[in-house]
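These notes are about the structure you will find just below.
First the proteins, then the strands, lettered A, B, ... as listed; each starts at 1.
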Amino acid sequence: MSDSSTTPRAEIRHDFRSSEPRWQQAWAERRCFSVPDVPAADKPKYYVLEMFPYPSGKIHMGHVRNYTLGDVVARYKRARGFQVMHPMGWDAFGLPAENAARERGIHPGKWTYDNIANMRAELKRMGLSIEWEREFATCDVEYYGQQQALFLDFFKAGLVERKEAWVNWDPVDGTVLANEQVIDGRGWRSGALVEKKLLPNWAFGITKFAPQLLEALGTLDRWPERVKLMQANWIGRSEGARFSFKLTAEAAPPTGTVEVFTTRPDTLYGMSFMAVAAEHPLAAAAAERDPAIAEFVAECRRMGTSEAAIEQAEKRGIDTGFRVAHPFIEGATFPVWIANFVLMEYGTGALFGCPAHDERDFEFATKYGLPILQVVAPASGAQVKLPFTDEGVAINSGPFDGLGTVEAKRAAIARLEALGVGKGVTNWRLRDWGVSRQRYWGCPIPFIHCDDCGVVPVPKAELPVRLPDDVDFSRPGNPLDHHPTWKHVNCPACGKAARRETDTFDTFVDSSWYFARFCSPRAAEPVTREAVNSWLPVDQYIGGIEHAILHLLYSRFFTRGMQVTGHLAVEEPFAGLFTQGMVTHESYKGADGRWLYPDEIDISAGPDGSRSAIVKGGNEPVTIGRVEAMSKSKRNTVDPGFIIDKYGADTARWYILSDNPPERDMEWTESGVAGAHRFIQRLYRLAAAPGGGSDAAASRKLRQATHRTIQAVTEAWESFSFNVAVARIHELGNAVADADAADAAARREALEALARLASPAMPHLAEELWALLHPGTTQLVAELPWLEADPSLLKAETLTLAVQVLGKLRATIEVPVGADEATVFAAAEAEENVQRALEGRPIRKRIHVKGRVVNFVV
RNA sequence: GCCCACUUGGCGGAAUGGUAGACGCAGCGGACUUAAAAUCCGCAACCCGCAAGGGUGUGCCGGUUCGAGUCCGGCAGUGGGCACCA
């Protein structure tokens, strides 16, 4: 360390390269971040969790932001006297590991665990207050084995079903594709035309919980409104009716009735056709009789999800020749069409078309020349252009004429019920969650298929069902399926030869309960009740908005499921949710249009402030492109490891918090990082040579600044206004630097406060400053309680009031605290500028807001 | 198409209905240095003015209020979510 008495301030440098690892070691040795599986009774608990990373190989700036935000909360809450659980793990199953195996011949397990080792080391360099003893990866057999046990419990409780589902099937790769993996109707890897195929699938009965999942959103008062809204839309509750139409005899179809769902039973008199999905049984029946229909059905089935977008929503259909009878109008029959806009997965896969009051039905009817009959008119009686989709008054609707839309719906449902053909129902957009994937690198589904006994669960005593290590990725399809021995087992029920289920779980299953496992990560059961019931719910969950729907909804479902199976006793997994913004960066292109990394270029600023760039070490011009989310393809990424090498972890952490509110996207700039680093060096220099004068007024002023900052920064950390906390700490830093005349005690107090207030964000620097100010101490800032502001120092002796005339600022005045109104008004009126603005006009009203403003109305 | 959010200097942003632009980045001027880096001091919304000061100003139009970036209504733009949802 430099001798501050002889070294000029500007020469003192903080050596973060040796200092940061030293403090990390000190925290680890003192076990500062460890908590018991069951929290102690003498302190409140607080569970901070950031969405665990996928081990892709390296951490990226999004991780740095996510884990810094979480660490601020964890360290702050710890100082506030909470016992804080702050664990870390790995969402380690998934396709990239299999891709690595196929492309580079590395075993998925080795690839994954090597990546974890790398990323763990990088995260440790960030100085996060994580309890590493709780770490696990979802691909650890100790984890996925417990997941299998949990699945069997869910199965027993009736929360799991095996059912047929329409899937995107890639015939070349022999696997099911997610919608996102179907590009222009073709498989993303094979390029083969994707088929819609009906496949048996394991599915969680999430729809059973649809009402509760929707309802409980109202209790999540520390969740962002927009996330709750997105979930509500996704669950998609709608009120309507489900009822049957009789097929008429003349066309003789295979079944007697067709069921439809509608939200507008009041428009039933305006019906002009029925439409069914291409996958509907009636469509299949029609296809058998008519090759043209068969061709149309096949065409619809080929149409992948995104091809619909290419076709720009063009409505197409074909008449089946079948007809249905209207439930209310004697003798009226309507044609049944197959239409490409009807979804088999929603409602019943069939609907009645009322062109006058529905956009799509109108477009369809217009195209195919079907009748359009208006049965709802606006309450005002005005003429309207069809389709009219608002509420109004029923017309041309027999007994319903004159009823408002709400009453007409009720009347129509009552009549359908009286006729015994249907009833009022609540329909949900949410579908059951299919979890079967034809993949190797996932959790095996613990079931066995027996020709005699059917689908049989693996007995719990035989768990875990381990993934085999010797797998062959040279063939397409699922390696588990064509493994020579793995799937061949005897049936647990009858003992005869049978086959293992070779599908593995969707990786969303792995992440739907990991937060619960963290409470007792080594338990020989999925969770221990005492641990989860005392630690859950997670008090603060932090992650990207991209998980606003699926991950969070599945986790909410799992928590409810685990309540049913008796594993835990909480309803909601995450009491508080914070969604962070992305980290963005400028993008750069060379003369030939290739993307360039930021460290491949040099930027210079012109005299007018304009910026230009060239390729490093040459003169090739570079185009500075848009600021956008960091991505490998645009090469606008910055490697956190490189930043930590160059500036240290505290600089990276401080900068990522400083520039803007954490929920918004932030732009990463090299100059911003350098600015953050300058501030750190500045604080270090101040603490290394605190100095001090003897001016009492300056001392008091600094002390007031210190205590106001304590108050402001506390509020800011508390409320996720992290950029404001940074600004207030900067201000106090400036105040200390400017207060050379303040006495040594006041300067020390300010510097100690700076160390402690900044410690959630810059934990290493905080320890370093504390050690500078307390030579020889063994005390760690990580173990100190939070600072309290002294109320007597928060009050000023004088106040600055704004003086307005008619709401316009004309002057400011200094008045003693507690001055009475008359004194304040007199002082205000005495101001020269105020007099000028009053122009001698009489004052009609005097307004005084204590400590803020005086306003004269003339 | 439906739903939601956002819109403040050159840039990121700050502001319990009460002095708009804190703090930072970039910029400019100066000190130190042979020089550079580092550091320190200062300037900085726009328009008029030497200045004192005045005027304008938080996407646009209007309203509530003594007083609006903030509350209310409408419009525009940007971003996001969902979508042949019957």
Side-chain angles (χ1 to χ4, degrees), chain A residues 8-13 224-227 229-234 236 238 240 260-264 267 275 308-309 311-316 339-343 345-354 357-361 363-364 389 427-429 545 548-549 605-611 627 655 658-661 663-667 669-676 678-679 681-682 685 721 723-731 733-734 737-738 800-812 832-833 836-837 844-858:
Chain A
R9 261 194 194 171
E11 308 273 309
I12 302 172
R13 301 279 301 169
E225 284 303 320
R226 62 181 181 135
V227 173
L229 192 79
M230 278 158 63
Q231 293 222 348
N233 289 340
W234 187 263
S238 58
V260 299
F261 172 74
T262 181
T263 56
R264 292 297 299 272
T267 64
E311 287 217 44
Q312 277 302 330
E314 199 211 331
K315 309 264 175 292
R316 296 179 52 207
N340 65 347
F341 65 87
V342 183
L343 305 176
E345 299 85 359
Y346 186 78
T348 63
L351 57 87
F352 79 82
C354 175
H357 305 290
D358 182 279
E359 302 272 358
R360 286 161 328 181
D361 296 352
E363 196 183 326
F364 192 75
T389 57
N427 195 55
W428 303 85
R429 181 184 174 277
I545 186 78
I549 298 174
D608 57 344
S610 67
R611 297 158 71 243
V627 173
Y655 173 57
S658 69
D659 238 31
N660 54 4
E663 68 275 14
R664 290 196 212 166
D665 289 353
M666 76 160 295
E667 187 189 347
T669 65
E670 184 75 10
S671 56
V673 189
R678 274 200 297 276
F679 180 66
Q681 293 293 358
R682 189 165 187 228
R685 280 195 302 275
S721 306
N723 55 324
V724 180
V726 168
R728 295 294 163 258
I729 289 169
H730 263 281
E731 280 172 333
N734 292 343
D738 290 344
T800 308
L801 296 185
V803 183
Q804 303 176 335
V805 176
L806 287 171
K808 273 198 195 303
L809 181 72
R810 294 300 167 181
T812 56
E832 196 186 317
N833 267 345
R836 191 160 45 221
R844 272 198 10 238
K845 196 169 170 187
R846 294 175 167 82
I847 290 148
H848 175 218
V849 181
K850 256 194 150 199
R852 297 274 182 195
V853 78
V854 172
N855 191 11
F856 295 122
V857 185
V858 293

**Q.** Partner nucleotide of C6(B) by Watson-Crick or wobble geometry (both distances under 3.5 Å)
**A.** G77(B)

Q) When the nearest nucleotide of RNA chain B is assigned to Trp234(A) and to Gln681(A) on a heavy-atom basis, which residue is associated with the more 5' position? A) Gln681(A)

(Q) Please confirm whether the shortest side-chain N or O distance from Arg429(A) to OP1 or OP2 of A86(B) is below 4.0 Å. (A) no

Q. Which pairs count as side-chain hydrogen bond (donor to acceptor under 3.5 Å, both in side chains) when at least one residue sits in residues 846-858 of chain A, sequence neighbours excluded?
A. Glu821(A)-His848(A), Glu829(A)-Arg846(A)

Q) Quick one: is Arg682(A) getting a side-chain N or O under 4.0 Å of the C40(B) phosphate, OP1 or OP2? A) yes

Q) Roughly how many Å is it from CH2 in Trp428(A) to P in C82(B), rounded to a whole number? A) 19 Å

Q | Distance test, side-chain N/O of Arg13(A) to OP1/OP2 of U39(B), below 4.0 Å | A | no

**Q.** side chain to side chain contact (heavy atoms under 4.5 Å, CB included) evaluation trace for Thr812(A) with Val803(A)
**A.** CA-CA 5 Å; Thr812(A) 56; Val803(A) 183; over 6 Å; no

(Q) Going by side-chain contact (heavy atoms from CB on, under 4.5 Å), name the residues that satisfy it together with Val853(A), two or more places apart in sequence or in a different chain. (A) Ala802(A), Gln804(A), Val849(A)

Q: Could you tell me the separation between the CZ atom of Arg264(A) and the P atom of C85(B), rounded to a whole number of Å?
A: 14 Å

Q) Among C84(B), G67(B), C3(B), which is the nearest nucleotide to the side chain of Asn855(A)? A) G67(B)

Q: Give the rounded distance in Å between these two atoms: CG of Asn427(A) and C1' of C85(B).
A: 8 Å

Q. Looking at residues at least two apart in the chain, or sitting in another chain, which of them share a side-chain contact (heavy atoms from CB on, under 4.5 Å) with Arg810(A)?
A. Val805(A), Lys808(A), Val834(A), Ala837(A)

Q: Measure the distance from CG on Asn734(A) to C1' on C41(B) and round it to the nearest whole Å.
A: 13 Å

**Q.** Atom pair distance, as rounded to whole Å: CG in Leu801(A) and C1' in C66(B)
**A.** 16 Å

(Q) Can you confirm whether more than 12 heavy atoms, excluding those of Arg682(A), are under 6.0 Å from its CZ atom? (A) yes

Q: Report which part of the nucleic acid Thr262(A) touches: base, sugar-phosphate, or nothing (heavy-atom distance under 4.0 Å, all strands).
A: sugar-phosphate

Q. So which heavy atom on Gly347(A) is nearest to which on Phe261(A), and how close?
A. CA-CB, 4.1 Å

Identify each atom pair where a protein N or O and an N or O of nucleotides 48-59 of chain B are less than 3.5 Å apart, giving names and distance.
unit_1, atom_1, unit_2, atom_2, d
G55(B), OP2, Arg810(A), NH1, 3.2

Q: Grab the two heavy atoms, one from Ser658(A) and one from Val726(A), that are nearest each other, plus how far apart they are.
A: CB-CG1, 3.5 Å

Q: Summarise protein proximity over nucleotides 9-17 of chain B in one line of letters, 5' to 3': B for base, S for sugar-phosphate only, - for none, counting protein heavy atoms closer than 4.0 Å.
A: ---BSS-B-

Q.
In this structure, how many angstroms lie between the P atom of C84(B) and the CZ atom of Arg316(A), rounded?
A. 17 Å

Q | Residue-phosphate contact under 4.0 Å: Arg685(A) side-chain N/O, A38(B) OP1/OP2 | A | no

Q. Mind checking who G42(B) pairs with, Watson-Crick or G-U wobble, both distances under 3.5 Å?
A. C28(B)

Q: Using atom CZ of Phe364(A) as one end and atom P of C85(B) as the other, report the distance to the nearest whole Å.
A: 14 Å

Q | Among U19(B), A86(B), C82(B), the one nearest Tyr346(A) by side-chain distance | A | A86(B)

Q) Among all residues two or more places apart in sequence or in another chain, which pass the salt bridge (Lys or Arg N to Asp or Glu O under 4.0 Å) test with Glu670(A)? A) Lys646(A)

Q) Considering only C82(B), C23(B), A86(B), which nucleotide approaches the side chain of Ile549(A) most closely? A) C82(B)

Q: Report the residue (Val857(A) or Thr669(A)) whose heavy-atom-nearest nucleotide on RNA chain B is the more 5′ of the two.
A: Thr669(A)

Q: Take atom NE2 of His848(A) and atom C1' of U19(B), then tell me their distance rounded to the nearest Å.
A: 14 Å

